[in-house]
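Chain identifiers are assigned alphabetically (A, B, ...) following the order of the sequence lines, protein sequences preceding nucleic acid strands; residue numbering begins at 1 within each chain. Worth knowing before you read on, the calculation uses all heavy atoms, side chains too, and leaves out hydrogens, waters and symmetry mates.
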Amino acid sequence: MENGEEMELIRELLYNSGEPLSEFYRWLHKAWAGFSVPPVFLDLMIQFAVAAAVFGFVAVNALWIIYYERKFSAKLQIRIGPNRVGPLGLLQTVADTVKLLIKEDINPSKVDRVVFILAPGIVFLGTFLTMLVIPFGNGLIAADLSIGILYILAVSGLAVIGLLAGGWASNNKYSLMGGMRSAAQIVAYEIPVLVVILGIVMLAGTMKMGGIVEAQAGYRWFVIYQPIAFLIFLIAANAEINRAPFDLPEAESELVSGFITEYSGMKFAFFFLAEYTNLFIVSAVAVTLFLGGWEGPFFPPFVWFIIKTYAVVTVLMWMRWTFPRIRVDHLMQFSWKYLLPIALVNLLVTAIVIKFI
Amino acid sequence: MTVRELLEKIKQKAEIEDSKEDLGVLNAYVKPSSLRSLLIYMRDSLGFDWMSFMTALDMPQENTIEAVYELFSNSSKDSARIKVKLSRQAAEVETVSDIYRTAEWHEREAAEMFGITFKNHPHPENLILTPDIKAPLRKDFSGGDMKRMPE
Amino acid sequence: MEQKTAFEIQELTSDEYVLSMGPQHPATHGVLRILLRMDGEVVVNLQPDPGYIHSSIEKICENRKYDQVMPYTDRMDYLSAVSYNLAYALAVEKLMGLEVPNRGRHIRVILAEMNRIMSHLLWFAAYGIDMGALTPIWYAFRERENLITLIEMQTGNRLTHHALRIGGVKNDLPTGFVEGLNKFLENFNDMVDEYEALFIDNVIFKARTKSIGVLKKENAISYGVTGPNLRASGCDIDLRKLAPYSGYENFSFEVCSEKNGDSWDRCKIRMNEMRQSASILRQAIDTLPEGEISAKAPKIIKPTPGGCYAKVEGPRGEVGAYVVSAGTDKPYRVKFRSPSFSNLSALNEMCAGVKIADLVAIMGSLDIVIPEIDR
Amino acid sequence: MFKYAADIIKGVLSLCEGLGVTLKHFFRKPFTLRYPDVRPEIPLRFRGRLVLPVDPDKGAHRCTACMMCVKACPNRSIEIEKETGEDGKPKPRAAKYYYNLGTCIFCNMCVESCPFAAIVMSDEYELAVYDRETLMQELTAENLRLDGAKGAWWKSKFREETAAGKGEASNG
């Protein structure tokens with residue numbers, strides 16, 4: 001294959017999404033043709049710009065989501081929440097982040113240094129890569145891969161390596177236990193999620209994120225066809241991102257802080273950032289798969305997407321601040337004895353219905 | 001059961017050195033050798049199923065340490081205080097932690113606070129103090145920075 | 001200084017390891033260390049190691065006058081200071097033959113029951129945190145704050161009240177106290193219902209506490225376990241009923257007890273006890289007698305030689321004070337029998353073969369207060 | 001199979017009940033006292049730091065150095081130096097009243113024992129300091145004037161006593 005063809009293929013893969021962005025790319029390429037520089041540099045620059053944009057969004061969104069969670073939980077708990085830094089405490093998380101970034105970064109002497117330092121990076125990388133295929137609006141997607149949803153499942157699996165590595169490298173019994181728990185938990189809950197997504201893919205006939213949303217056009221949202229699947233997805237995905245009531249890997253009252261016990265400063269901030277971005281991603285995927293993505297009246301698609309995502313985020317937070325933590329063996333039982341069988345039955349029924357009706 | 005009746009009953013089972021009534025509660029001084037058999041008898045036959053606490057009293061002027069066992073009966077609401085006089089220099093008594101399990105910790109506490117040895121105790125190590133502090137609740141204990149109150 | 005080792009290394013099989021839980025651990029509620037012999041997540045054996053914050057109050061008391069001991073008794077159980085006050089005051093009054101006037105006894109009961117509710121509310125709050133539910137604490141602290149404000153009006157302090165004196169209480173009820181208490185009691189039962197709906201009846205919570213940490217009746221009695229922990233094992237012993245003190249015989253209330261002796265029963269009992277305490281408080285403020293609040297105690301208290309053991313039903317169980325007088329103005333020896341001390345000693349009995357998460361659930365349900373163990 | 005379904009439904013219902021409680025609280029007013037901006041109401045009997053206020057009638061403190069508070073204190077937090085007259089003999093008046101805030105347990109025993117209502121526990125509750133040395137306080141040097149509800153209460157206390165002519169009465 002010639003070099004040009006290959007580039008064309010990659011470009012096709014990356015930019016073949018809906019309208020505005022790819023139009024913009026085409027226009028850029030046309031303009032670029034005026035200079036005598038190979039177009040591969042332009043591609044690289046676009047890649048960097050996209051990466052920077054996604055990173056910026058991840059960071060700002062995480063800051064906002066932390067603030068939102070603190071305010072929301074405060075409201076549930078009849079208190080006020082952050083209200084000192086900035087108007088209504090809006091800059092509280094910014095101040096916290098700055099604090100974390102300038103804090104001393106402690107590497108305990110007995111840790112496995114390389115793995116210890118790499119672990120937060122791996123966890124964050126998995127999160128960051130997932131962000132690339134979230135369809136924020138019609139065509140507003142960094143890379144609309146034809147295997148989008150599969151890509152999400154594959155990449156989000158990276159996080160477990162990071163958590164386990166962090167727990168193991170900390171050389172702390174509590175951390176190790178936390179890491180082990182997270183591995184067991186994510187493996188157990190990946191399967192119900194997979195089965196549920198399979199049903200959606202069957203309905204939509206595509207694995208492309210944009211395609212799944214388009215399959216729901218005309219308010220035929222999959223949540224109407226698959227309400228049980230939606231619930232299973234919410235629960236299992238919540239477990240997969242280690243949030244209460246499934247926050248066993250960090251289980252404060254049992255394992256002190258689980259795998260992040262020994263982490264401080266910047267590395268801790270990375271774990272924290274990944275955790276809250278994961279919350280957003282899970283909600284965004286739920287919106288994409290079940291709630292019609294960006295579809296909605298009056299407002300532009302992007303706004304609708306954000307509104308829906310934050311609605312799901314709110315529900316997850318509501319659950320978090322109400323329920324006690326589940327026990328580790330109950331967690332496994334819940335997945336294998338309840339979620340998985342129900343998800344399988346759901347899948348079977350879906351398959352039969354699609355086949356014969 | 002009045003104090004007198006109780007005293008009569010336990011006199012048949014154990015060697016009572018001395019006894020007195022203190023605000024309606026029997027205080028019986030028992031020979032260390034018959035302590036265990038007495039407590040078993042009281043628990044099984046007299047219904048004293050409850051040991052409130054076990055502690056000790058240091059009596060330097062008599063050169064003794066009294067081990068105090070406070071018993072209570074949930075059925076008849078009777079109390080009894082069994083005491084054992086031990087010598088201060090070699091305070092040693094059989095453990096009763098297999099008769100009343102609660103005595104296990106109370107004896108450990110008394111052992112380190114008063115320097116009493118409980119024979120056959122399942123966990124003879126210290127419970128509360130570090131080993132460098134010896135018998136602080138004895139009257140003649142003098143720690144580094146202990147001060148008396150103004151009179 | 002030699003290190004305390006509960007488990008010898010040789011004892012461990014190759015699968016097992018020793019985990020040191022505490023002295024700084026979110027679930028130990030203070031400075032308590034528990035050495036766990038673990039097999040994966042399963043606790044094989046454990047050994048509590050208290051003593052990190054020992055305050056030697058019993059030694060201090062030997063060097064204080066009888067009335068000066070009273071503020072120290074506050075500090076053993078800072079969650080219900082009045083129960084220790086009361087045990088000590090009852091012991092000294094019995095030694096001196098003092099009779100507390102009716103109104104004084106009534107106020108003592110009011111304060112003691114308020115303390116019981118406060119303590120149970122704090123247990124509820126802390127247990128929520130132990131179990132990973134982060135919201136109950138705020139609701140419980142709201143009610144507790146209302147009560148503390150009332151107690152602060154009466155005694156002048158929020159936790160270490162120093163409310164009682166030998167012979168009675170220090171202060172009469174201030175104006176507005178009865179109204180405030182009435183207002184609090186009005187919707188307190190609804191609040192307890194809400195707590196139960198939020199937390200105690202939750203299916204996750206039930207799964208984590210039912211038939212976990214079972215303490216059999218005969219074990220409970222042998223270990224000297226008292227209070228709600230004993231009553232959960234099917235033994236309805238409550239000193240307020242069994243050996244009434246301070247006029248408890250004048251109030252009608254139920255002794256809450258359950259059958260199974262597991263963690264959930266212990267929780268249920270505490271919730272019910274809060275309702276019963278509220279009912280006692282209602283009766284107490286309705287039948288508050290007039291008159292003196294304190295007997296005339298001599299300025300220098302010198303009881304006749306002898307020993308006296310007085311016990312009261314604290315929120316955690318039998319709180320006792322064994323006061324030995326030698327006829328001087330200072331007690332010869334004061335021994336405090338603290339319920340948490342005995343309750344914690346039974347922990348090993350309940351925890352064989354449970355998971356580490358269950359251990360937290362069991363310890364939380366025992367409601368231990370560390371300064372009470374490290375007197 | 002039926003039990004399996006019933007278990008799920010029962011579980012979900014109990015979870016919904018909990019969600020309902022938190023939702024109800026979502027619409028309630030916050031219970032928070034916005035502390036540094038809004039100050040809590042301090043009851044009259046509150047036991048804060050010990051103070052030796054200036055008697056407005058006399059223009060000086062009321063302490064006669066009778067040492068009752070020193071003896072009553074269960075923690076030896078008070079020490080008093082008597083004033084010496086020109087003849088070198090001690091006079092019944094405190095020259096220096098040392099109060100150790102670090103060891104004080106706020107039990108109010110000193111105030112109760114004072115026969116002249118000279119000392120009182122104030123409303124101050126923000127007692128943390130940066131320096132251990134400052135915990136040892138010398139109260140006569142403060143020349144503190146006690147105002148507000150507490151001050152009025154204190155004044156009525158000792159005026160009552162001086163009017164009745166008895167030197168000894170309980171306070172607190």
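The stretch residues 138-147 of chain C places C/Trp138, C/Tyr139, C/Arg142 near chain A, each with some heavy atom under 4.5 Å from a heavy atom of that chain. Within residues 190-200 of chain C, the residues having any heavy atom less than 4.5 Å from a heavy atom of chain A are, in residue-number order, C/Leu198, C/Phe199. Annotation: residues 125-136 of chain C contacts chain A through C/Ile129, C/Asp130, C/Met131, C/Gly132, C/Ala133, C/Leu134, C/Thr135 [non-hydrogen atoms, separation under 4.5 Å].
We find that A/Asp105 and A/Lys267 are joined by a salt bridge, their nearest charged nitrogen and carboxylate oxygen being less than 4.0 Å apart. By the 4.0 Å N-to-carboxylate-O rule, C/Glu41 lies close enough to A/Arg181 to be salt-bridged with it. Between C/Lys210 and C/Asp262 there is no salt bridge, since no side-chain nitrogen of the basic residue lies less than 4.0 Å from a carboxylate oxygen of the acidic one.
Here the side chain of A/Thr261 pairs a donor or acceptor atom with the backbone of A/Gly258 at under 3.5 angstrom. With C/His25 contributing its side chain and C/Ile34 its backbone, the two residues share no donor-acceptor pair below 3.5 Å. At distances below 3.5 Å, at least one donor-acceptor pair connects side-chain atoms of C/Arg208 with backbone N or O atoms of C/Ala357. With hydrogens and angles disregarded, a donor-acceptor distance shorter than 3.5 Å links the side chain of C/Ser340 to the backbone of C/Val369.
Checked by atom type, the side-chain pair A/Gln333/A/Asp329 shows no donor-acceptor distance below 3.5 Å. Side chains of C/Asn229 and C/Arg270: a donor-acceptor N/O pair is present below 3.5 angstrom, by distance only. Checked by atom type, the side-chain pair A/Asn171/A/Asp112 shows no donor-acceptor distance below 3.5 Å.
At a 4.5 Å heavy-atom cutoff, the contact between A/Val328 and chain C is made by side-chain atoms alone. Only the side chain of A/Arg79 comes within less than 4.5 Å of a heavy atom in chain C; its backbone stays farther off.
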Start with the C-alpha gap between A/Glu69 and A/Tyr276, add the side-chain angles, then the distance that decides, and say whether side-chain hydrogen bond (donor to acceptor under 3.5 Å, both in side chains) holds. CA-CA 10 Å; A/Glu69 169 142 52; A/Tyr276 277 91; 2.8 Å; yes

Working for side-chain hydrogen bond (donor to acceptor under 3.5 Å, both in side chains), residues A/Asn346 and A/Gln226: CA-CA 8 Å; A/Asn346 189 54; A/Gln226 301 262 332; 2.9 Å; yes

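Of all heavy-atom pairs spanning A/Ala183 and A/Val160, the tightest one is CA-CG2, 3.5 Å.
By the salt bridge (Lys or Arg N to Asp or Glu O under 4.0 Å) test, C/Arg231 is found to be paired with C/Asp238, C/Glu273, C/Glu313, residues two or more places apart in sequence or in another chain being considered.
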